[in-house]
Amino acid sequence: MSCAHPVGLPIVDAMTPAVLVLASPVTRDEVRGLSDEVRALLRTTRAGVVVCDVAGLGPPGLGTVDLLARLQLAARRAGGRIRLREPDPGLHALLDLVGLRFEVEGQAEQREPARGVEEEVEPGEPAV
């Protein structure tokens, strides 16, 4: 009995995220297809991340926020996440306004400090 090996380099393929280019306008009917595509990309690349290029989405609006929220939900349900590439500053502000946080390509990850780690206090400054 022989077993076929998957095509590609497993370590590299698992670390290279797929890119999904989103272009305006995205209709409500297309959202389900894009969600399916995100799940399929996560399954085939095994990277755990799909990069969504949002530069072509045009002016940000609530439709864009709804689309990105649904794509993130689909990715989370499939065990992954999405990362935004080239978001408009207005889109970034709108996402913050509605309380949605997305990882943005090229931005350092913001994490909480580890528990039990205290900041150094300069001599003469009161400890907080």
Side-chain angles (χ1 to χ4, degrees):
M1 179 177 205
S2 67
C3 179
H5 293 287
V7 177
L9 301 171
I11 295 172
V12 174
D13 290 345
M15 294 174 13
T16 306
V19 177
L20 177 65
V21 179
L22 301 174
S24 193
V26 176
T27 64
R28 206 146 170 85
D29 296 332
E30 294 173 318
V31 173
R32 175 167 286 159
L34 290 170
S35 295
D36 291 341
E37 192 169 344
V38 164
R39 285 190 291 273
L41 287 170
L42 286 168
R43 197 171 36 252
T44 58
T45 63
R46 299 174 298 182
V49 177
V50 172
V51 175
C52 290
D53 189 333
V54 294
L57 281 179
L62 293 179
T64 304
V65 170
D66 181 59
L67 168 66
L68 293 175
R70 290 176 186 275
L71 293 180
Q72 181 74 304
L73 180 61
R76 296 272 179 178
R77 286 181 175 169
R81 65 186 191 285
I82 65 170
R83 180 183 306 144
L84 303 182
R85 175 182 285 171
E86 298 185 35
D88 181 90
L91 175 59
H92 206 272
L94 187 56
L95 291 170
D96 282 344
L97 181 67
V98 297
L100 292 174
R101 303 279 183 227
F102 286 91
E103 187 178 327
V104 177
E105 196 172 63
Q107 240 182 18
E109 240 182 86
Q110 295 179 353
R111 297 184 180 187
E112 291 185 24
R115 291 183 180 208
V117 176
E118 297 180 18
E119 291 184 24
E120 187 176 322
V121 179
E122 294 292 322
E125 284 186 16
V128 180

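Just so it is clear, the model here is predicted, and its values are computed rather than measured.
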Discussion item. Taking I82's backbone N and O only, do any of them form a donor-acceptor pair with Q72's side chain (distance below 3.5 Å, no angle check)?
Written reply: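 Flag set: sc Q72 to bb I82 pair under 3.5 Å.
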Using every non-hydrogen atom in the two residues, find where [X] and [Y] come nearest and quote the distance to one decimal.
X	Y	answer
A78	R39	CB-CG, 3.9 Å
L34	L67	CD1-CD1, 3.9 Å
L91	P87	CD2-CB, 4.3 Å
S35	A74	CB-CB, 3.9 Å
A18	L41	CB-CD2, 3.7 Å

Answer yes or no: is there a side-chain heavy-atom contact under 4.5 Å between [X] and [Y]?
X	Y	value
D96	R101	yes
D88	L57	no
L94	T64	no

Discussion item. Hydrophobic cluster membership, with links at side-chain heavy-atom distances under 4.5 Å among I/L/V/M/F/W/Y: are V26 and L73 in one?
Written reply: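 Looking at the clustering, L73 is in a separate group from V26.
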Item to complete: Flag yes if V49 and L100 sit in one hydrophobic cluster, no otherwise; membership is Ile, Leu, Val, Met, Phe, Trp, Tyr, and two members link when side-chain heavy atoms are under 4.5 Å apart.
Response: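 No, separate clusters.
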If I take atom [atom1] from residue [X] and atom [atom2] from residue [Y], how far apart are they, to the nearest 0.5 angstrom?
X	Y	atom1	atom2	result
L68	F102	CG	CZ	5.0 Å
C52	E103	SG	CD	11.5 Å
E37	L42	CD	CG	11.0 Å
L20	R83	CG	CZ	14.0 Å

Discussion item. Given L84, which partner from the list V51, V54, D53 fulfils the side-chain contact (heavy atoms from CB on, under 4.5 Å) test?
Written reply: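 Between L84 and the candidates, side-chain contact (heavy atoms from CB on, under 4.5 Å) is satisfied uniquely by V54.
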Fill in: Ion pair check, D66 and R70, cut-off under 4.0 Å
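Salt bridge present between D66 and R70.
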